[in-house]
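All remarks here apply to the structure that follows.
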Amino acid sequence: MSMNELLKIVRYSNLFDLNHLMDAIDSINDETKTSVNNNDDSTNQSGNNKDLFLIRGKNYRGRLRLDENIATKIHHAQVTDGEMKHALLDGDATNYDLDRGFTRHPIDDMRSICVKLDGPSIINHIKLLLWDKDTRAYSYYVEVSVDDLTWTRIIDYRTYLCRSWQKLYFAPVVATSIRVVGTHNTVNKVFHLVSMEVYYIQKPFALIGDIYAPVENVATLEGSAVVSEGVSRVRNALINGDYLSYDWDSGYTCHQLGSGGIVIQLCQPHVVSSMRLLLWDCDNRSYSYYIETSYDNMTWSKVVDRQTAACRSWEILTFSPRIVVFIRICGTHNTANEVFHCVHFECPCRPDVLKSYMNEQTSMLTSDDREENSVTYEQFYKLFEPLIDTAALNNPPSTTDNGSLIQMHTLLPFLIKPSLSSIYPLEKENDEKNT
């Protein structure tokens, strides 16, 4: 609302206290001064206020603390809604079991877990630890608010199965309160949250909608991925990062040909378009196989089909980008016996390896089940390549010496459609609206 409207219309309506009216006028006056002196402000920050930034938007401004968890008792954050409130922000993400160490709420249409920060803060990253002492998975969404009246949904994972640590990325937003609402638990009707951390991180990241498109391999133990199906002497050997220590008896994960497969579950939905795996290669045998992905463990789509190829050792695989939570590797042939053996798996492929691989390709041939009009691998890689370059060089951007804020996120010009795993160009959506 403009100054003129406040003085000419609102003033004479007698609907508001004059003190509130003066506060509104003072706020507009401050914003005007800020706009005029914006350039001077950005070059005069020094000393104790170098860590303090203001995002001046239409409605709110917030404090910026770089790479610092502000959802702590030291920062005066508090849990305002949820059962067993004391556990969520106690800093202990290790000691929890069936009875203690978590905050919870019954899954219905009215309950949630809410954390109030020490004031309006600029954030772009939240880490949540879902209770993970068994194989259960959860669905949920996250909303933020400045005034506890108007809530903005920044993450919506109601259709996905999530487990353990959740690393949520989103465009910078000013928030005073953060609300996590559980909508599904595969075991019972209670949503359990062990830990919450809230940051503004200085790490570049890419988003399609509210889903993170990782550059680094997320099929790791550190990334809270698990191998849910497959036989191995050591649990999760496929994703433990060791691709050197294997022989005839150990160091691989396998399954009987014609029966089941090897299944990896990621911690949360990611948009991926590449994988890398190491087939057991201690002799001259070759394998054939295919790979399927799913976001709900029910609907599967084939992303790699190598059933007619004789495959050995390292395999780098690319396909049209899609939302992935579950990956199923199914062996179909082994020239030596009736078992499929896989030593190591990455999703997505390590950035430096993928970059080198792409530089050698003259054309891309993919055999995945791509939806009509969905984004191709070539379209995706063209826009994703700058992030891969940054990761391959291991040289992330940072703030400049004068403390000015550098934008960390990249919103890729694609969209997600309900109940579909494929990614679509924005212009397709616009064309449909115009017809």
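Judged by distance alone, the side chain of Gln361 and the main-chain N or O of Met358 form no donor-acceptor pair under 3.5 Å. Side-chain atoms of Lys382 do not come within 3.5 Å of backbone N or O of Gln379 as any donor-acceptor pair. At distances below 3.5 Å, at least one donor-acceptor pair connects side-chain atoms of Ser274 with backbone N or O atoms of Cys349. Remark: side-chain polar atoms of Thr186 are paired, donor with acceptor, to backbone N or O of Ala137 under 3.5 angstrom. Put simply, the side chain of Ser195 never gets that close to the backbone of Leu129: no donor and acceptor are under 3.5 Å apart. The backbone N or O of Leu412 lies less than 3.5 Å from no partner atom in the side chain of Thr410, so there is not a single donor-acceptor pair. Remark: side-chain polar atoms of Asn236 are not paired, donor with acceptor, to backbone N or O of Ile239 under 3.5 angstrom. Formation of a donor-acceptor pair under 3.5 Å by the Ser145 side chain with backbone atoms of Asp147 is found in this model. Although no hydrogens or angles enter the test, the distance criterion places a donor-acceptor pair under 3.5 Å between the side chain of Arg233 and the main chain of Asp249. In this structure a side-chain-to-backbone donor-acceptor pair under 3.5 Å is present from Asn334 to Val339.
Aromatic ring centroids of Tyr157 and Tyr140 lie under 6.0 Å apart. For Tyr377 and Phe380, the gap between ring centers reaches or exceeds 6.0 Å. Checked against the 6.0 Å centroid criterion, the rings of Trp131 and Phe191 do not qualify as a close aromatic pair.
Using a cut-off of 4.0 Å between Lys/Arg side-chain N and Asp/Glu carboxylate O, Arg306 and Glu315 are scored as salt-bridged. Looking at Arg328 and Glu292, a side-chain N of the basic residue comes within less than 4.0 Å of a carboxylate O on the acidic one, giving a salt bridge.
Side-chain atoms of Gln78 and His76 form no donor-acceptor pair, as typed in the model, at a separation below 3.5 Å. Counted by atom type alone, Asn297 and Ser294 present zero donor-acceptor pairs between their side chains at under 3.5 Å. Using a 3.5 Å distance cut-off with no hydrogens or angles, the side chains of Ser273 and Arg322 do not pair a donor with an acceptor. No hydrogens or angles considered: nothing links the side chains of His341 and Tyr246 as a donor-acceptor pair under 3.5 Å. In this structure, a donor-acceptor pair under 3.5 Å is present between the side chains of Tyr96 and Asp132.
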Tell me which donor-acceptor pairs under 3.5 Å the side chains of residues 170-184 have, and how far apart each pair is, sequence neighbours excluded?
{"from": "Thr176", "atom 1": "OG1", "to": "Val146", "atom 2": "O", "distance (Å)": "3.4"}
{"from": "Ser177", "atom 1": "OG", "to": "Asp148", "atom 2": "OD1", "distance (Å)": "2.6"}
{"from": "Arg179", "atom 1": "NE", "to": "Glu143", "atom 2": "OE1", "distance (Å)": "3.2"}
{"from": "Arg179", "atom 1": "NH2", "to": "Glu143", "atom 2": "OE1", "distance (Å)": "2.5"}
{"from": "Thr183", "atom 1": "OG1", "to": "Ser139", "atom 2": "O", "distance (Å)": "3.3"}

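Under the side chain to side chain donor-acceptor pair (under 3.5 Å) criterion, Ser313 pairs with Asp281, not counting sequence neighbours. Taking Val325 as the reference, Gln265, Pro269, Tyr295 meet the side-chain contact (heavy atoms from CB on, under 4.5 Å) condition, with sequence neighbours excluded. For Tyr169, the side chain to side chain donor-acceptor pair (under 3.5 Å) partners at least two apart in sequence or on another chain are Lys203. Residues passing the side-chain contact (heavy atoms from CB on, under 4.5 Å) test with Thr72 are Asn69, Ile74, His75, sequence neighbours excluded. His255 meets the side-chain contact (heavy atoms from CB on, under 4.5 Å) test with Ile262, Phe340; sequence neighbours excluded.
In this structure, Val324 and Ser421 have side chains that are not in contact, with every pair of non-hydrogen atoms separated by 4.5 Å or more. Phe205 is listed as a side-chain neighbour of Asn124, based on a closest heavy-atom distance under 4.5 Å. Put simply, the side chain of Ile323 reaches to within 4.5 Å of the side chain of Ile211, judged on heavy atoms. Side-chain contact check for Phe102 versus Leu193: every heavy-atom pair is 4.5 Å or farther apart. Proximity of Ser164 to Leu130: side-chain heavy atoms (C-beta onward) are nowhere separated by under 4.5 Å. Considering only heavy atoms from C-beta on, Tyr160 stays 4.5 Å or farther from Gln268 through its side chain. Using a 4.5 Å cut-off on side-chain heavy atoms (C-beta onward), Ile123 and Tyr200 make no contact.
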Quick one: do Arg65 and Tyr199 satisfy side-chain contact (heavy atoms from CB on, under 4.5 Å)? Show the steps, please.
-> CA-CA 8 Å; Arg65 286 157 285 193; Tyr199 299 87; over 6 Å; no
Asp242 and Ser245: side chain to side chain donor-acceptor pair (under 3.5 Å), yes or no, with the steps?
-> CA-CA 6 Å; Asp242 183 3; Ser245 305; 3.2 Å; yes
Decide side-chain contact (heavy atoms from CB on, under 4.5 Å) for Lys355 and Asp389; before the verdict, give the C-alpha distance in whole Å, the side-chain angles of both, and the deciding distance to 0.1 Å.
-> CA-CA 7 Å; Lys355 179 68 176 178; Asp389 292 340; 2.9 Å; yes
Walk me through it: do Glu338 and Gln256 pass the test side-chain contact (heavy atoms from CB on, under 4.5 Å)?
-> CA-CA 6 Å; Glu338 296 299 314; Gln256 191 76 25; 3.6 Å; yes
Run the side-chain contact (heavy atoms from CB on, under 4.5 Å) check on His333 and Tyr287 step by step: do they pass?
-> CA-CA 5 Å; His333 184 63; Tyr287 297 88; over 6 Å; no
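Rounded to the nearest 0.5 angstrom, Glu197 CD and Lys167 NZ are separated by 10.0 Å. Annotation: the span from Asp118 atom CG to Ile70 atom CD1 amounts to 6.5 Å, rounded to 0.5 Å. Between atom CG of residue Leu277 and atom CD of residue Glu346 there is a gap of 9.0 Å, rounded to the nearest 0.5 Å. A distance of 10.0 Å separates CG of Asn188 from CZ of Arg104, quoted to the nearest 0.5 Å. Note that CD of Glu222 and CG of Asn217 are 9.5 Å apart. Values are rounded to the nearest 0.5 Å. To the nearest 0.5 Å, atom OG of residue Ser228 and atom CD1 of residue Ile264 are 8.0 Å apart.
Nearest heavy atoms, Pro321 versus Val375: CD-O, 3.5 Å. Across every non-hydrogen atom of Thr318 and Tyr357, the tightest pair is CG2-CE2, 4.1 Å. Heavy atoms only, all atoms of each residue included: Ser288 and Ala309 are closest at OG-O, 2.7 Å. When every heavy atom of Arg163 is checked against every heavy atom of Ser224, the shortest pair comes out as NH1-O, 2.7 Å. The two residues Gly101 and Ala87 come nearest to each other via the heavy atoms C-CB, 3.7 Å. Taking each heavy atom of Leu420 and Tyr424 in turn, the nearest pair found is CD1-OH, 3.5 Å.
Shown here is Arg312, whose CZ atom has more than 12 heavy atoms of other residues, nucleotides or ligands within 6.0 Å.
Checking Phe345, Tyr252, Trp314 one by one against Tyr243, the ring-ring contact (aromatic ring centres under 6.0 Å, His included) holds for a single residue, Trp314. Considering Asp90, Ile113, Leu89 as possible partners of Thr103, the one that fulfils the side chain to side chain contact (heavy atoms under 4.5 Å, CB included) test is Ile113.
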